[in-house]
Amino acid sequence: MSKSAKILISNMALPTTKIGSWTTRMSRFIDDNPLFFNYILSPSNSLSTSIYCKKGSFITWKKPFRNFQLLNKVASDYIKQIKRLARNYDELTIVVMDDPHLVEAMSLIKNRLKSNVELIFSFHGFNLELDSKIMQSIDKILWLSQKASEHNKLNYDDNFPSSYIVGNAVNSEKFYPLNPDKFIEERSKRGYSQRDEILVWMANDRPKKGLHIFKLVVESLLKKHQNLKVIVIGTSQEINHSNVFCIGKIPNHEVATYLQIGNYYMFTTLYEEGFGLSVVEAYKCGNVVMASNKGAIPEVLNDLNHAYLVDEPENINSWVECFNLARTNSNFGKERISKRETDSIWNYNTWEEKFVDAIN
């Protein structure tokens, strides 16, 4: 009888309590399904299934030395452990979480191992840039959206692995709209009145997330709307206005408490998002959502009430016009999405079923 094992590979520590998109989801999955993966290779040794591995860095990007560095420095910890495990099992299922370098390293050693290997890549971006030979070595790719899968298939023709659309997930037990009384109570605790309309922005401050665009949008909106208050999450940059509250980076368990008191959420990303998880988190907390019409976002927000797409995210006036439309259509933020509506979209249990089915 053949022996088999499932191995999860991550460049981020799993499980983790830090704020993040897929790391939060996968940490819950591991907690709920402690026996699904026989081994978890990541920068953590917190579980009985954990094997501590840390990703290294490239010294140089010169092509002649790249593969040597990849195998002997960047992914060496992971390769060493995979080779060791391959001696004990006839079949290995290796799931690499969203790291092109690590999946490339696994593809290069795959046929040198004593075990039969099924290589699975869980990809969370939109544009996948891997060499066609690497793609041929990958058996399955797990995508966050159908649009990303179809977009990338055009670039690889016949060298495209089996595709599984598993989507993404938000914990509906943490991200949900407050009932009207609780909504007023929680806002009051933080110093907001019933007249205030709260606009939330959340991301890191990399240029592609469009914080510089949002600053200019806020500057325009605050001139016209005296009761508009702004909450900015995830960046140390300040917006110098008495109506703007910048809270910086916060733990994942605190994110919902701010989204739940908002009326509107604006996602000013300037690049092709693989999913745009914060958009769903905000929507599930009851906010009217405005987001760039890029990447997978149109698929994520498809047919949702009080969700708006901005076709020209570099254009300040496009955001201002979108906000004014969203404000009017939602009765100045008073018409909020119900818990019944939010529970039905992008929930964790649906994602978990798809993820397990794709790997099995």
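This structure is a prediction, so every number in the text was calculated from the model and none was measured. Note: hydrogens, waters and symmetry copies are ignored here, and every other heavy atom, side chains too, is used.
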**Chi angles and distances behind the side chain to side chain contact (heavy atoms under 4.5 Å, CB included) call for Leu142, Ile165** = CA-CA 6 Å; Leu142 313 186; Ile165 315 302; over 6 Å; no

**Request:** For the pair Tyr283 and Trp346, evaluate ring-ring contact (aromatic ring centres under 6.0 Å, His included) and give the outcome as yes or no after the intermediate values.
**Result:** CA-CA 11 Å; Tyr283 188 87; Trp346 302 114; over 10 Å; no

For the [atom1] atom on [X], are there more than 12 heavy atoms of other groups (residues, nucleotides or ligands in this structure) within a distance under 6.0 Å?
X: Lys174; atom1: NZ; value: no
X: Arg340; atom1: CZ; value: no
X: Asn240; atom1: CG; value: no

**Asked** Can you tell me if Ser27 uses its side chain to pair, donor with acceptor, with the backbone of Pro15 under 3.5 Å?
**Response** no

**Request:** Kindly say whether Thr235 contributes a backbone atom to a donor-acceptor pair with the side chain of Asp205 at under 3.5 angstrom?
**Result:** no

**Request:** Please work out which of the three classes, parallel, tilted or perpendicular, describes the rings of Tyr348 and Trp351, given edges at 30° and 60°.
**Result:**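 It falls in the tilted class, 30° to 60°.
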
**Message:** Can you classify the ring geometry of Phe123 versus Phe121 as parallel (below 30°), tilted (30 to 60°) or perpendicular (above 60°)?
**Reply:**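 The arrangement is tilted - the two ring planes meet at 30° to 60°.
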
Do [X] and [Y] have side-chain heavy atoms sitting under 4.5 Å apart?
X: Asn67; Y: Glu104; value: yes
X: Ile7; Y: Asn38; value: no
X: Lys223; Y: Glu219; value: yes
X: Tyr192; Y: Ile231; value: yes
X: Val288; Y: Arg327; value: no
X: Val310; Y: Asn293; value: no

Should the pair [X]-[Y] be classified as a salt bridge under the 4.0 Å nitrogen-to-oxygen rule?
X: Lys54; Y: Asp77; answer: no
X: Lys294; Y: Glu273; answer: no
X: Glu185; Y: Lys182; answer: yes
X: Asp32; Y: Arg28; answer: yes

**Pairs flagged by ring pair (Phe, Tyr, Trp, His ring centres under 6.0 Å) wherever residues 296-322 is involved - sequence neighbours left out** = none

**Request:** Only pairs at least two apart or in different chains count here, so list each ring pair (Phe, Tyr, Trp, His ring centres under 6.0 Å) that has a residue in residues 210-238.
**Result:**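 Passing the test, one end in residues 210-238: Trp201-Phe214, His225-Phe323.
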
**Asked** For the residue pair Lys284 and Pro177, what are the closest heavy atoms and their distance?
**Response** O-CD, 3.0 Å

Donor-acceptor side-chain pairing of [X] and [Y] below 3.5 angstrom:
X: Glu352; Y: Asn33; answer: yes
X: Asp99; Y: Asn11; answer: yes
X: Gln237; Y: Lys215; answer: yes
X: Ser42; Y: Ser44; answer: no
X: Arg66; Y: Gln69; answer: no

**Message:** Assess the residue pair Trp143 and Tyr164 against the criterion (ring-ring contact (aromatic ring centres under 6.0 Å, His included)); give the C-alpha distance rounded to whole Å, side-chain angles, the decisive distance to 0.1 Å, and a yes or no.
**Reply:** CA-CA 6 Å; Trp143 303 90; Tyr164 293 79; over 10 Å; no

**Prompt:** Which is it for Leu130 and Tyr156 under the side chain to side chain contact (heavy atoms under 4.5 Å, CB included) test, yes or no, and what are the steps along the way?
**Reply:** CA-CA 9 Å; Leu130 288 174; Tyr156 290 99; 4.0 Å; yes

Gap separating the [atom1] atom of [X] from the [atom2] atom of [Y], nearest 0.5 angstrom:
X: Lys229; Y: Ile198; atom1: NZ; atom2: CD1; result: 8.0 Å
X: Asn324; Y: Asn317; atom1: CG; atom2: CG; result: 10.5 Å
X: Asn111; Y: Leu113; atom1: CG; atom2: CG; result: 8.5 Å

Under 6.0 Å from the six-membered ring centre of [Y] and within 45° of its axis: does the NZ or CZ of [X] meet both?
X: Lys6; Y: Phe36; result: yes
X: Lys3; Y: Tyr89; result: yes
X: Arg336; Y: Phe183; result: yes
X: Arg190; Y: Tyr258; result: yes

**Message:** Just checking Phe275 against His124, ring centres under 6.0 Å apart?
**Reply:** no

**Fill in**
By side-chain hydrogen bond (donor to acceptor under 3.5 Å, both in side chains), Ser107 pairs with (sequence neighbours left out) none

**Message:** Does Val289 form a side chain to side chain contact (heavy atoms under 4.5 Å, CB included) with Leu301? I'd like the steps, not just the answer.
**Reply:** CA-CA 9 Å; Val289 165; Leu301 296 180; 4.1 Å; yes

